[in-house]
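For reference, the structure is listed below as structure tokens.
As a basis for the values below, the full set of heavy atoms in this structure was taken, side chains included, without hydrogen atoms, waters or symmetry mates. Counting starts at 1 for both ligands and their atoms, following the listed order.
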Amino acid sequence: MKAELEALQVEALEAIQTTGDLNTLEEHRVNFLGRKGRVTDILRGVSQLSVEERPLMGQAANAVKVVICEALDARKAELTVVAEAAQAESEAVDLSLPGRTPRKGHMHVINQVTDEILQIFGDLGFQTATGPDIETEYYNFDCLNTPKEHPARDSHDTFFVKPGTVLRTHTSPVQMRVMEKFQPPVAVVIPGRVYRVDYDATHSPMFYQFEGLLVDKGITFADLRGTLMHFIHRMFGKDIEVRFRPHFFPFTEPSAEVDILWKAKDRHTGEMKSQWLEILGCGMVHPEVFKHAGYDYEQYNGFAFGMGVDRIAMVKHGINSIHHLYENDVRFLEQF
Ligand code: PHE
């Protein structure tokens, strides 16, 4: 039994010393010292021995047990240090790595330009009004002196929601909604989305307009021109080239369109090109429109204008296609 004990101790110490991880070490503990372990077995066998042998062998077995126990504890301490170091290594944070900043959004260029326009007219004392995108034919056309068979309706290429209801083709219907609510003097600007069946480099089926309406006593075309020139100079600087062209709108008389010289890179050749771009329509409010509003057209007159916000943005920033504005390509939008 003595030899057996010695061999067991040698075997156990060898096994413990060569163990590389804590799980295997625990297996050794169970195997040697556990309830059914090999040392435990021997200790149990001691009671079968003769009275003389019992204390001797009992002490010897206990001594082996203590040696193995100590070896297990010592190895466990070593392996724990190694395991903790490995964990620290794998979970380490490298403070020298460059950080990842979350991307920040910002206002869309259309909204930036709309805000700029609002600011300019706000400084002149204009108030802001809005109206619905889905309009009745009455507000979009009829009350603006554009009855059913009027050829001017064709130029708008209207999206019909259902008979009598349209996606508004311009912001002008809001003129009437404002006049129905307020008596003159009235000075409002009206930003909003409008819709037309139209698609090319300078047209999009949905685009943004900006309407203006001023009604008071003794307003003249000179007031209209002066107001618009003030706006254009603040928006684009005093050097911008501007031209007023006579035009026709059913709801204004006389009417004009305003073009400005637009400089942008040609999409194909990359060369700088300049070309006249129509940015707005305007005129003196037609007496028929005042009649629908219930305004006394003998006493009051006024001017109105409607501009394409997209066009303003294109001229201001040298953008060569309206579609850049609506494709939501972040590489484009980030430039503004
Ligand atoms: N509503 C016109 C358009 O969209 C623009 C306009 C507005 C013209 C007000 C005159 C007066 O083309």
Which ligand 1 atoms, with their elements, are less than 4.0 angstrom from a heavy-atom of [X]?
X      : value
Gln175 : 9 (C)
Gln209 : 3 (C), 4 (O)
Phe251 : 1 (N), 2 (C), 6 (C), 7 (C), 8 (C), 9 (C), 10 (C), 11 (C)
Ala304 : 9 (C), 11 (C)

Q | Nearest protein heavy atom with distance in Å, relative to atom 7 (C) of ligand 1 | A |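 For atom 7 (C) of ligand 1, the nearest protein heavy atom comes out as Gly306 N, 3.3 Å.
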salt_bridge([X], [Y]) N-O dist < 4.0 Å:
X      : Y      : answer
Glu26  : Arg29  : yes
Arg103 : Glu334 : yes
Glu135 : Arg177 : yes
Arg196 : Asp157 : no
Lys36  : Asp41  : no
Glu11  : Arg38  : yes
Lys316 : Glu116 : yes

Q) Between Ser172 and ligand 1, is there a nitrogen or oxygen pair with a distance under 3.5 Å? A) yes
Q) Do Thr169 and ligand 1 have an N or O pair less than 3.5 Å apart? A)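 Between Thr169 and ligand 1 (N or O atoms, distance only) the closest approach is not under 3.5 Å.
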Q | Under-4.0 Å heavy-atom contact with ligand 1, by part of Arg196 that carries it | A |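 Side chain only; the backbone of Arg196 stays clear of ligand 1.
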Q. Does Cys282 approach ligand 1 within less than 4.0 angstrom via side chain, backbone, both or neither, non-hydrogen atoms only?
A.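 Cys282 to ligand 1: backbone contact only, side chain stays beyond 4.0 Å.
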Q.
Please determine whether side chain to side chain donor-acceptor pair (under 3.5 Å) holds for the pair Ser204 and His323, giving the CA-CA distance in whole Å, both sets of side-chain angles, and the decisive distance to 0.1 Å.
A. CA-CA 7 Å; Ser204 152; His323 302 293; 4.9 Å; no
Q.
Tell me whether Met307 reaches ligand 1 (any heavy atom closer than 4.0 angstrom to a ligand atom).
A.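 Per 4.0 Å heavy-atom rule, Met307 does not contact ligand 1.
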Q) Quick one: does Ser255 get a heavy atom under 4.0 Å from ligand 1? A)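 Distance cut 4.0 Å: Ser255 fails for ligand 1.
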